[in-house]
Amino acid sequence: VNIDNVKGIKFTAKIPKGISTEIFFATETAPVLSESKKFMVVSETDELTTVYIETSKNVEWKGMLKTLRFDPVTKSGNEFEVVSVELLAE
């Protein structure tokens with residue numbers, strides 16, 4: 001998938017309040033998942049909510065997407081529910 005025109009990632013999930021969610025990505029020219037190629041948000045509620053991530057905030061977000069890894073909970077022992085994940089183009 002060419003992500004040059006993908007300006008946002010939208011996901012709907014129920015993640016415990018205060019817990020971080022990380023979305024890692026790898027591209028054709030940078031195929032290794034790493035801390036420099038991720039987006040992170042912290043849940044502000046225990047309820048089901050929709051989150052929008054502006055992809056322009058990471059300069060590595062370009063080219064052909066090869067891997068997208070969604071890590072909804074960064075602490076063990078927490079439950080989560082992911083309803084959807086969408087890539088939003090211009």
Side-chain angles (χ1 to χ4, degrees):
V1 173
N2 187 329
I3 56 175
D4 290 338
N5 292 325
V6 174
K7 302 304 178 193
I9 300 170
K10 182 173 85 169
F11 67 92
T12 301
K14 184 176 182 180
I15 299 168
K17 183 177 182 177
I19 299 297
S20 299
T21 298
E22 299 174 330
I23 298 175
F24 291 88
F25 63 93
T27 63
E28 194 171 76
T29 57
V32 178
L33 295 171
S34 68
E35 290 291 313
S36 67
K37 294 191 303 291
K38 79 171 185 180
F39 301 99
M40 186 176 76
V41 295
V42 178
S43 178
E44 296 179 1
T45 179
D46 289 324
E47 303 301 318
L48 188 67
T49 190
T50 299
V51 176
Y52 177 80
I53 297 170
E54 191 176 323
T55 55
S56 65
K57 293 184 177 186
N58 190 311
V59 298
E60 300 287 334
W61 184 262
K62 60 187 172 196
M64 297 297 291
L65 182 67
K66 292 298 181 186
T67 304
L68 187 67
R69 188 178 86 196
F70 190 78
D71 291 351
V73 179
T74 55
K75 288 185 180 178
S76 63
N78 289 299
E79 293 185 21
F80 62 91
E81 174 187 355
V82 178
V83 175
S84 65
V85 179
E86 299 175 64
L87 300 178
L88 304 174
E90 289 187 301

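Nearest approach of Pro16 to Ser43, heavy atoms of both residues: O-CB, 3.3 Å. Between Asp71 and Arg69, the shortest heavy-atom contact is OD2-NH2, 3.0 Å. A pairwise comparison of heavy atoms in Pro31 and Ala26 identifies O-CB, 3.4 Å as the closest pair.
Residue Glu79 places its CD atom among 12 or fewer non-hydrogen atoms of other residues, nucleotides or ligands, all under 6.0 Å distant. Heavy atoms of other residues, nucleotides or ligands lying less than 6.0 angstrom from CD of Glu44 number 12 at most.
If you chain together hydrophobic residues whose side chains sit under 4.5 Å apart, Leu65 and Leu88 never meet in one group. Cluster membership for Ile53 and Val1, using ILVMFWY side-chain heavy atoms within less than 4.5 angstrom, is shared. Under the 4.5 Å side-chain heavy-atom criterion for ILVMFWY residues, no single connected hydrophobic cluster contains both Val85 and Val83.
Applying the ring-ring contact (aromatic ring centres under 6.0 Å, His included) definition to pairs two or more places apart or across chains, those involving residues 13-34 are Phe25-Phe39, Phe25-Trp61. Judged as a salt bridge (charged side-chain N to carboxylate O under 4.0 Å, His left out), the pairs with a partner in residues 13-31 (not counting sequence neighbours) are, in order, Glu22-Lys38, Glu28-Lys66.
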Steps toward side-chain contact (heavy atoms from CB on, under 4.5 Å) verdict (Leu87, Leu68) | CA-CA 10 Å; Leu87 300 178; Leu68 187 67; 4.2 Å; yes

Can you check side-chain contact (heavy atoms from CB on, under 4.5 Å) on Ile3 and Thr55, steps first, answer last?
-> CA-CA 9 Å; Ile3 56 175; Thr55 55; over 6 Å; no

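When the options Ile19, Ile15, Thr21, Ile9 are evaluated for a side-chain contact (heavy atoms from CB on, under 4.5 Å) with Val41, the one that passes is Thr21.
Put simply, the side chain of Thr27 does not reach to within 4.5 Å of the side chain of Met64, judged on heavy atoms.
Applying the ring-ring contact (aromatic ring centres under 6.0 Å, His included) criterion to Phe11, with sequence neighbours excluded, gives Phe70.
The structure places OG1 of Thr50 at 6.5 Å from NZ of Lys10, a figure rounded to the nearest 0.5 Å.
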